[in-house]
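Throughout, residue positions are numbered sequentially from 1 according to the sequence presented.
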Amino acid sequence: MTFVKSAKALVEAGLVQDVGALDAVAKRYAIGITPAVLELIDRADSNDPIARQFVPTEAELLTTPEERADPIGDLSHSPVEGIVHRYPDRVLLKAVHVCPVYCRFCFRREMVGPQGLGTLTGPELDAAMEYIAAHEEIWEVILTGGDPLVLSPRRLTGLMQRLAKIEHVKIVRFHTRVPVVEPERIDEAMVEALMSSGKTTYLAVHANHPREFSPAARQAFKRLFDGGVALLSQSVLLRGVNDDVETLAALMRGFVENRIKPYYLHHPDLAPGTSHFRIGIEEGQALVAALRGRISGLCQPTYVLDIPGGHGKADIGAATVSGGDGCFTVRDWQGGEHAYPPE
């Protein structure tokens with residue numbers, strides 16, 4: 001199998017019947033599906049949850065009034081190119097704006113891809129590193145993008161060695177789809193590159209459906225963990241993909257079985273052309289509450305909303321307590337309400 005990168009290639013791969021309006025979608029948003037993802041797609045299922053994440057549809061041409069090109073306000077917190085400094089002790093470093101796959105719900109879909117913001121130039125990367133070095137409050141650098149693991153081990157090593165020289169940076173975190181969508185990239189050289197700074201290295205694995213834990217992905221997770229990389233999860237709550245408690249439970253258990261600690265379950269952001277993926281917040285809260293009584297505490301993610309405009313994340317799963325002045329009503333996972341302290 002080969003990479004799918006165009007509307008025509010979607011037809012050739014048997015993912016759509018005809019190009020139709022997909023050329024118009026492709027002109028605005030990048031298309032990318034790896035061979036590993038192609039193997040996961042059930043072409044006989046018109047509602048396949050893997051295909052829904054990666055195969056474009058005409059629905060992406062519909063933009064609703066509340067949607068925005070920069071839904072979480074990255075640009076308003078970008079002091080220099082490639083840096084987002086929203087919280088005091090950590091920054092995002094966006095060295096690249098390309099990915100091996102392009103998720104149809106991506107909140108940075110206006111910025112990534114061949115027509116996006118591209119890879120930082122040498123001078124831009126120098127400026128980003130100088131910014132990190134000059135701000136001693138920065139304890140953690142989070143490499144995101146785009147997907148930072150599209151960089152070669154050689155280039156990643158060079159970047160990590162530059163971070164190694166900045167004493168106040170203690171944690172380096174990567175956000176990536178690669179272990180799931182291109183697991184063959186997670187070889188010994190890649191793991192060595194990720195660990196080459198001497199800092200504590202975390203990697204947040206993005207997966208949204210339990211079928212994404214293929215045998216090859218599981219081997220990639222094992223290589224990372226055995227190589228010393230601490231693993232976290234991030235997922236997006238998506239209509240038609242994981243918006244039922246059984247699928248969410250299987251997804252979170254799958255993470256834990258692979259030594260990946262569930263971290264964030266994101267409410268979908270207001271990116272253009274993504275309204276068909278969004279569920280209501282109350283529906284999401286009900287799903288997360290239902291998880292509480294069904295799966296181990298090890299498997300519980302934090303349900304978060306990135307507040308539009310760059311105001312940061314809010315824990316919107318914490319809707320089980322109401323009241324004040326020392327008297328509260330606590331709602332359990334089955335919907336029962338209890339006074340606290342007890343009367």
Side-chain angles (χ1 to χ4, degrees), residues 29-30 63 65-99 102-103 105-113 115-151 159-160 162-163 166 168-177 199 201-204 206 232 234-236 263-274 278 281 302-316:
Y29 305 118
T63 299
E66 70 275 14
E67 293 175 344
R68 53 190 71 189
D70 183 19
I72 69 168
D74 276 356
L75 297 179
S76 62
H77 292 276
S78 183
V80 299
E81 190 69 32
I83 292 287
V84 177
H85 196 174
R86 182 177 286 109
Y87 302 102
D89 74 337
R90 55 206 183 273
V91 295
L92 303 182
L93 174 57
K94 298 191 288 184
V96 296
H97 286 86
V98 294
C99 302
Y102 291 100
C103 304
F105 51 87
C106 178
F107 69 99
R108 292 197 180 112
R109 63 198 326 240
E110 300 278 358
M111 307 175 192
V112 300
Q115 299 160 332
L117 299 180
T119 300
L120 292 186
T121 65
E124 287 171 341
L125 183 58
D126 290 343
M129 289 293 179
E130 289 166 7
Y131 180 90
I132 295 169
H135 289 261
E136 294 187 0
E137 72 274 22
I138 297 173
W139 174 80
E140 180 182 26
V141 174
I142 303 167
L143 283 102
T144 181
D147 195 313
L149 266 60
V150 302
L151 294 171
L159 195 155
M160 294 292 274
R162 296 181 73 169
L163 290 174
I166 304 176
H168 55 266
V169 173
K170 304 298 183 184
I171 306 294
V172 181
R173 191 198 323 172
F174 291 83
H175 283 202
T176 181
R177 272 283 212 179
K199 312 283 187 181
T201 301
Y202 281 80
L203 188 144
H206 181 173
L232 303 168
Q234 60 173 357
S235 304
V236 185
Y263 182 38
Y264 279 152
L265 176 63
H266 294 268
H267 192 77
D269 295 309
L270 298 174
T274 64
R278 290 197 294 274
I281 285 178
T302 301
Y303 180 36
V304 295
L305 170 72
D306 259 302
I307 302 170
H311 302 291
K313 292 180 177 64
D315 180 352
I316 56 172

message: Quick one, L163 and V141 - any side-chain contact, counting heavy atoms below 4.5 Å?
response: yes
With sequence neighbours left out, the residues meeting side chain to side chain contact (heavy atoms under 4.5 Å, CB included) with I281 are H267, Q285, L305, I316
When rounded to the nearest 0.5 Å, the distance separating CD of E137 from CG of D89 is 9.0 Å
Just wondering, are more than 12 heavy atoms of other shown residues or ligands nearer than 6.0 Å to CD in E136? no
Here the pair of heavy atoms bringing G146 nearest to C99 is CA-SG, 3.6 Å
Note: P148 and L143 closest approach over all heavy atoms is CG-O, 3.4 Å
By salt bridge (Lys or Arg N to Asp or Glu O under 4.0 Å), D74 pairs with (sequence neighbours left out) R86, K94, R108
In this structure, OG1 of T144 is separated from NE2 of H97 (nearest 0.5 Å) by 8.5 Å
Q) Going through the checks in order, is the side chain to side chain contact (heavy atoms under 4.5 Å, CB included) test met by R109 and Y29? A) CA-CA 7 Å; R109 63 198 326 240; Y29 305 118; 3.1 Å; yes
Contacts of R68 meeting salt bridge (Lys or Arg N to Asp or Glu O under 4.0 Å) (sequence neighbours excluded), chain-then-number -> none
Self-check item: Check against side chain to side chain contact (heavy atoms under 4.5 Å, CB included), D269 and E67
Solution: CA-CA 8 Å; D269 295 309; E67 293 175 344; over 6 Å; no
On a heavy-atom basis, the closest approach of L151 and A95 is CD1-CB, 4.5 Å
Query raised in the report: Are a donor atom and an acceptor atom from the side chains of T176 and D147 found within less than 3.5 Å of each other?
Result: yes
Sorted by chain and number, sequence neighbours left out, salt bridge (Lys or Arg N to Asp or Glu O under 4.0 Å) with R90 holds for none
Closer than 3.5 angstrom, by distance alone: can the side chain of S78 be matched with the main-chain N or O of E81 as a donor-acceptor pair?
no
*What do the steps show when you test H206 against V236 for side chain to side chain contact (heavy atoms under 4.5 Å, CB included), and what is the final call?*
CA-CA 8 Å; H206 181 173; V236 185; 4.1 Å; yes
Shortest non-hydrogen pair, P308 vs L270, comes out as CG-CD1, 4.0 Å
Shortest non-hydrogen pair, V91 vs Y131, comes out as CG1-CE2, 4.5 Å
Aromatic contact between H266 and F107, with the criterion being ring centroids under 6.0 Å apart: yes or no? no
With heavy-atom distances below 4.5 Å as the criterion, would you say the side chains of F174 and L149 are in contact? yes
Residue set satisfying side chain to side chain contact (heavy atoms under 4.5 Å, CB included) with E130, at least two apart, ordered chain then number -> D126
* To do: Before giving the answer on salt bridge (Lys or Arg N to Asp or Glu O under 4.0 Å), spell out for K170 and E140 the whole-Å C-alpha distance, their side-chain angles and the decisive distance to 0.1 Å.
  => CA-CA 6 Å; K170 304 298 183 184; E140 180 182 26; over 6 Å; no
query: Is there side-chain contact between I307 and K313, with heavy atoms separated by less than 4.5 Å?
result: no
Residues passing the ring-ring contact (aromatic ring centres under 6.0 Å, His included) test with Y202, sequence neighbours excluded, are none
In the structure I gave you, are the side-chain heavy atoms of R278 and E66 within less than 4.5 Å of one another anywhere? yes
The reported gap from CG in D306 to OH in Y264 (rounded to nearest 0.5 angstrom) is 8.5 Å
*Okay, side chain of H85, backbone of L92: is any donor-acceptor separation there less than 3.5 Å?*
no
inquiry  = When you compare the side chain of L93 with that of I83, does any pair of heavy atoms fall below 4.5 Å?
reply    = yes
### Query
Are K199 and I171 close enough that some pair of their side-chain heavy atoms sits under 4.5 Å apart?
no
Heavy-atom closest pair (I132 atom, H168 atom, distance to 0.1 Å) is O-NE2, 2.8 Å
